[in-house]
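A quick write-up on the structure given underneath.
Values in this document were obtained by computation on a predicted structure and should not be read as measured data. Below, read A as the first sequence line, B as the second, and so on, with proteins coming before strands; counting in each chain starts at 1.
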Protein chains: 2
Amino acid sequence: MDNLLTRKLEIFAPLPDADRRLLDHTVRMARLVDGRADLIREGDDPLHVRLILEGFACRYKLLPDGRRQIMAFLVPGDFCDLHIFILRTMDHNIGTLSPCRVVDIPRTRILEMTERPALARALWWCSLVDEATLREWLVNIGARSAEQRIAHLLCELLMRLETVGLASNGSYDLPITQAEIADTMALSTIHVNRVLQRLRAENLITFKNGALVIPDVPRLKAFSGFNPNYLHLTERNGSKEPRR
Amino acid sequence: MDNLLTRKLEIFAPLPDADRRLLDHTVRMARLVDGRADLIREGDDPLHVRLILEGFACRYKLLPDGRRQIMAFLVPGDFCDLHIFILRTMDHNIGTLSPCRVVDIPRTRILEMTERPALARALWWCSLVDEATLREWLVNIGARSAEQRIAHLLCELLMRLETVGLASNGSYDLPITQAEIADTMALSTIHVNRVLQRLRAENLITFKNGALVIPDVPRLKAFSGFNPNYLHLTERNGSKEPRR
DNA sequence: CGTAAAATTGATCTGTCTCAACGTGGGTGG
DNA sequence: CCACCCACGTTGAGACAGATCAATTTTACG
């Protein structure tokens, strides 16, 4: 069975066996982290790159008045800080939402990876998809109603978790509180509560013992205006070199 | 005198003379584009990478109901679509705001550039700063008041334009309409108008024959909660290889 | 000059926030 | 094993930032 990192990177393109073996080796040394713990703080100059293997984490910034804005969800298979090779100093925080299993990948290992063309391109793909996701989140917060906004987030998480085998039949574990959804969607906790109630009343979502269930996925996607193109899950590039 | 692209890329690190010559050559063939014209549309598979040399452009997405959300401003020195090497299909549109001078850089030229270590890192830096800017915009739209939001945008543009020599003494040309600011900041045009009036009444900004003037830059930065760390303008990396 | 785009003004409406409670379930210590 | 407790979810009422609708004025420009 493929490890989670291999599975994630092969969404973009198949990898040579040697690369897959390197990834197997990379993923071996994981550690456990509590829920609600900071992995990296703004101002840090991290020495290695973190990868989430289990659990949910997030990127966030704190404002002077103590509010926080969550800018990204990190789910298993996601890198926390690939950019530290270029941008030494973190301009935001990364914290866990639930308890997580995390690997610390040494810089030398990442350099080794970037020397292999297929892996280098797969890492680049990760970084560009993160950026595309950020653009979609900006649209989400800027232009959609609270109901659509939250529905859109739930659709995105469904697709992302499906690609790493953590969701199926429109259902997945969502170990986060309404307050955390509020910090993500730029809404008050109270409003998130009311919106979730309405989504449940419309039977767009339900909760079955802790897990989110989306009874009719196409309906929720249509309701939220979800278009998965920004996740770039289908543009496989099997060649060893960029086209042309 | 350095060309604009060299100037922009050397914000990150000095470039070897050979690289600078390559950039001089790259920037030679520019073309003019009208204001309010699309450079690239969602769904396109662009053949070359576009670079803005003069004028303002933006990334945007259109919603089913016709509204648009602008997700980034592109100013002289900014690349439109470096990511097409990996993500073939555009997931958003790029359009000019004012008349622009644009270079179309062939894919082969970009490949040539990425084979030179200093240039490759400079291009990576551009892409990561774009991503960091997107995160800050998410905070801006999600967590700040309309007044702070617009003030923050004006502070960011001041800094970005200063780095390419297009702003000085807290003043720069801002060839965009209030409706465009509204599409950017997720506000109505009318509210943007009122907010700008209030900012002028507070003497936080003024307009002198078409140009924006910020009489007291530190005051506007403080007012908007502007922290330039996300632009990563000061972490120069002069070495030929990544540290460690 | 005439015209269209942009900026401005006023009045009203509404989605979301804030404040202030209250309910509830799972974990812990006595 | 029960009682307490704290985090989380829920409810109601009132306030407000910003949207919407409908004109009117100003500006840029052919």
Rounded to whole Å, please give me the gap between [atom1] in [X] and [atom2] in [N].
| X | N | atom1 | atom2 | value |
| --- | --- | --- | --- | --- |
| B:I150 | C:dA7 | CD1 | C1' | 14 Å |
| B:H191 | C:dT16 | NE2 | P | 15 Å |
| A:E147 | C:dT14 | CD | C1' | 13 Å |
| B:L187 | C:dA7 | CG | P | 15 Å |
| B:F207 | D:dT27 | CZ | P | 14 Å |
| A:D183 | D:dC8 | CG | C1' | 14 Å |
| A:L97 | D:dA7 | CG | P | 17 Å |
| B:R198 | C:dT9 | CZ | C1' | 13 Å |

| said: Below 30° counts as parallel, above 60° as perpendicular, anything between as tilted: where do the rings of B:F73 and B:W137 land? | reply: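 Rings of B:F73 and B:W137: perpendicular, over 60°.
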
How would you label the contact of [X] with the nucleic acid (heavy atoms, under 4.0 Å): base, sugar-phosphate, or nothing?
| X | result |
| --- | --- |
| A:L196 | nothing |
| B:R67 | nothing |
| A:S188 | base |
| A:A186 | sugar-phosphate |

| message | Between the side chains of B:R41 and B:D38, is the shortest nitrogen-to-carboxylate-oxygen separation below 4.0 Å, so that they form an ion pair? | response | yes

| query | Are B:K221 and B:E156 close enough for a salt bridge, meaning some N to O gap below 4.0 Å? | reply | no

Give a yes/no on whether any side-chain N or O of [X] is located under 4.0 angstrom from OP1 or OP2 of [N].
| X | N | answer |
| --- | --- | --- |
| B:R194 | C:dA11 | no |
| B:R36 | C:dA6 | yes |
| A:Q197 | D:dG9 | no |
| B:Q178 | C:dT8 | yes |
| B:R144 | D:dG18 | no |
| B:N193 | C:dA7 | no |

| task | Locate the shortest heavy-atom distance separating B:I214 from B:L204; write the atom from each residue and the value. | result |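 Shortest heavy-atom contact: CG2-O, 3.8 Å.
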
| Do you know the tightest heavy-atom contact between B:L62 and B:R68? | CD2-CB, 3.3 Å

| message | I want to verify a distance call: between D:dG18, D:dC8, C:dT16, whose nearest atom is closest to the A:T177 side chain? | response | D:dC8

| Which listed nucleotide (C:dG10, D:dA19, C:dT18) is nearest to the side chain of B:I190? |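 Within the option list, the nearest is C:dG10.
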
